[in-house]
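Take this structure, written in C-alpha cells, and hold onto it; I'll ask about it next.
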Number of protein chains: 2
Amino acid sequence: MSANSRLTIAAHALAWIGLYQRQGHEVATSEQIATSANTNPVVIRRLLGELRRAGLVESRRGVGAGWSLARDLESMTLLDVYEAVEPGPLFAMHRTTPDQACVVGRGIQPAMQGVYDGIEQTLRQELARVTLADVLRDVLAVPR
Amino acid sequence: MSANSRLTIAAHALAWIGLYQRQGHEVATSEQIATSANTNPVVIRRLLGELRRAGLVESRRGVGAGWSLARDLESMTLLDVYEAVEPGPLFAMHRTTPDQACVVGRGIQPAMQGVYDGIEQTLRQELARVTLADVLRDVLAVPR
DNA sequence: TCTGTCGTAACAATTAATGTTGCGACTGCG
DNA sequence: CGCAGTCGCAACATTAATTGTTACGACAGA
C-alpha cells in the first residue's frame with residue numbers, strides 16, 4: 001500500500017535522541033540522526049520540524065545547535081508521532097465522485113466511511129498503547 | 001497516507017454486481033461498473049481480475065460477456081477483498097538499510113516490525129468483521 | 001567575525017496508483 | 001462464416017506523494 005516510512009523514521013529519530021541524551025549529551029544534530037537512519041539531514045529536519053510543531057521535540061540554533069526531547073519518552077506514544085507526521089486517512093475514497101444517479105454510486109462512500117472510521121479508531125488505540133520508551137527498550141533488546 | 005482507493009473501488013464493484021444480480025441480471029460489464037464508479041473500464045477489469053484470482057468473482061467471455069459473483073455477498077468479507085487487492089504492508093520500513101554500526105540503526109526495524117505486525121493483525125480482525133452484504137445493506141440504507 | 005547548525009525554499013528523482021489506447025482472443029448470433 | 005460485444009493484457013501517459021538534494025539565509029556562541 002504505502003511507500004511511506006515517515007512513522008518509522010520519526011520513531012527512529014526520537015529513539016536516537018532519547019538514547020543520546022541518556023548518554024549525557026545535550027542535543028543531537030540532524031546530521032547524526034541522518035547517518036544512523038541512512039538518509040539526508042534535510043529529511044530529518046523536515047520530520048523533526050513536524051514533531052516540534054506537535055510539542056514532542058525542541059530545537060536550538062546557533063553554535064552547539066541541535067535537537068532535544070521536549071518530553072520524556074515514557075509520555076510519548078506512537079499515536080502522538082503518527083498524528084504529527086501522517087497527513088491523510090488510511091484508506092481513500094474514489095478520486096473522482098462516483099455516479100450520483102446510481103444507487104451504489106450514491107451510497108458507497110457513506111457506507112465505506114463508516115467502516116474506515118471504525119478501523120482508524122482501532123488503529124489509534126493500538127498506537128496509543130506503545131510509548132517511545134517501549135520502542136527504545138525493544139531496540140536495545142535486539143542482540144548484536 | 002495512502003492515495004490508494006483500491007479497497008473502496010473493489011467494494012463498489014462487488015456491491016454493484018451483487019445488486020445487479022439481485023435484480024435478475026446474469027452478468028455485469030466492466031463498462032457499467034466503470035460508469036457507476038466514474039472511472040475507466042480497464043481499471044475495473046484490472047481490479048476484478050485480482051478478485052477473480054482470489055475466487056470472489058467469475059468472468060465470462062464472448063457475446064453477453066461480463067462478471068458475476070463466485071460466492072454470496074454474505075460469505076465475502078472486506079478482509080477477503082483487502083488481501084486480494086492490497087499488495088504491501090500498511091507501514092513501511094526505511095527505504096535504505098539504516099546504519100548497522102549504530103545500536104538504534106540495528107534495533108529499530110525489529111522493534112517497529114513487532115508493533116506493525118500487531119496492528120496489521122488487528123486491522124484484519126476489523127476487516128473480517130464486515131461482509132460485503134453488510135456493505136450493500138449500508139449502501140441501500142443511504143437516503144436519496 | 002567566524003563557525004556550525006537550523007529553517008526553508010526550490011527542484012530532481014523515485015515510486016505507486018490511476019487513466020488511456022490499442023489490439024488480439026473469445027463466443028454466441030445471424 | 002463473419003459480425004459484434006466484451007474480456008485479457010500489454011504498453012504507455014498522467015498524476016500525486018514521498019524522498020533526496022542543493023542552496024542559502026538566519027541564528028548564536030566563541
Side-chain angles (χ1 to χ4, degrees), chain A residues 1-10 12-13 17 20 25-35 37-53 57-68 70 85-98, chain B residues 1-10 12-13 17 20 25-35 37-53 57-68 70 82 84-98:
Chain A
M1 129 167 302
S2 56
N4 144 315
S5 54
R6 301 164 69 81
L7 184 58
T8 303
I9 304 287
H12 186 146
I17 301 174
Y20 199 58
H25 301 92
E26 286 274 326
V27 297
T29 69
S30 60
E31 172 98 38
Q32 295 170 313
I33 302 169
T35 299
N38 193 12
T39 180
N40 192 294
V42 177
V43 173
I44 299 296
R45 291 209 285 274
R46 273 201 296 239
L47 265 177
L48 287 179
E50 298 177 45
L51 296 183
R52 180 182 47 210
R53 239 170 282 131
V57 300
E58 291 165 345
S59 68
R60 190 187 298 177
R61 306 180 65 168
V63 174
W67 303 83
S68 54
V85 303
E86 294 287 355
L90 222 46
F91 297 103
M93 287 298 159
H94 312 60
R95 55 166 44 177
T96 61
T97 320
Chain B
M1 128 166 297
S2 56
N4 145 319
S5 54
R6 301 163 69 80
L7 184 56
T8 303
I9 305 287
H12 186 145
I17 300 175
Y20 199 58
H25 301 92
E26 286 275 326
V27 297
T29 69
S30 60
E31 173 99 36
Q32 295 171 312
I33 303 170
T35 298
N38 194 11
T39 182
N40 192 295
V42 178
V43 173
I44 299 296
R45 289 211 285 271
R46 273 202 295 241
L47 266 177
L48 287 179
E50 297 177 46
L51 296 183
R52 180 183 45 209
R53 238 170 283 131
V57 300
E58 291 167 344
S59 68
R60 187 187 301 175
R61 306 181 68 169
V63 174
W67 303 83
S68 53
Y82 176 80
V85 303
E86 295 286 354
L90 225 44
F91 298 103
M93 289 296 160
H94 313 62
R95 54 166 46 178
T96 60
T97 320

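When reading the values below, keep in mind they use all heavy atoms of this one structure, side chains included, and skip hydrogens, waters and symmetry mates. Chain letters run A, B, ... following the sequence lines, proteins first and then strands; every chain starts at 1.
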Who are the side chain to side chain contact (heavy atoms under 4.5 Å, CB included) partners of T97(A), not counting sequence neighbours?
Q100(A)
NA contact type, R46(A), heavy-atom cut-off 4.0 Å: base, sugar-phosphate, or nothing?
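Result for R46(A) = base.
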Any side-chain N or O of S59(B) under 4.0 Å from OP1/OP2 of dC7(D)?
no
Closest to the N40(A) side chain: dT18(D), dT18(C), dT22(D)?
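Between dT18(D), dT18(C), dT22(D), the one nearest the side chain of N40(A) would be dT22(D).
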Is the base of dG20(D) touched by the side chain of R95(B) through a donor-acceptor pair closer than 3.5 angstrom?
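Answer is no: no donor-acceptor pair is held.
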Heavy atoms from C-beta onward define the side chain here; which of dT20(C), dT6(D), dC6(C) lies closest to that of R52(A)?
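Nearest to the side chain of R52(A) among the choices is dC6(C).
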Main chain of Q32(A), side chain of T29(A): is a donor-acceptor contact present, judged purely on distance under 3.5 Å?
yes
Can you tell me the distance, in whole Å, between the CD atom of E31(B) and the P atom of dG5(D)?
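Atom-to-atom, E31(B) to dG5(D), this comes out as 12 Å.
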What's the CG-C1' distance between L47(A) and dA17(D), to the nearest Å?
14 Å
Measure CD1/I44(A) against P/dT18(D) and give the value in whole Å, please.
16 Å
Among dA28(D), dG7(C), dG8(D), the nucleotide that comes nearest once only the side chain of R45(A) is considered:
dG7(C)
Output the rounded distance in Å from CD (E26(A)) to C1' (dA28(D)).
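Result: 15 Å.
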Closest to the W67(B) side chain, choosing from dA17(C), dC6(C), dG8(D)
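Of dA17(C), dC6(C), dG8(D), dG8(D) is nearest to the side chain of W67(B).
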hbond_proxy R61(A) side chain to dC6(C) base (donor-acceptor, 3.5 Å cutoff):
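Yes.
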Nearest-Å distance for atom pair CG/C1', residues L51(A) and dG7(C):
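My rounded result for the distance is 15 Å.
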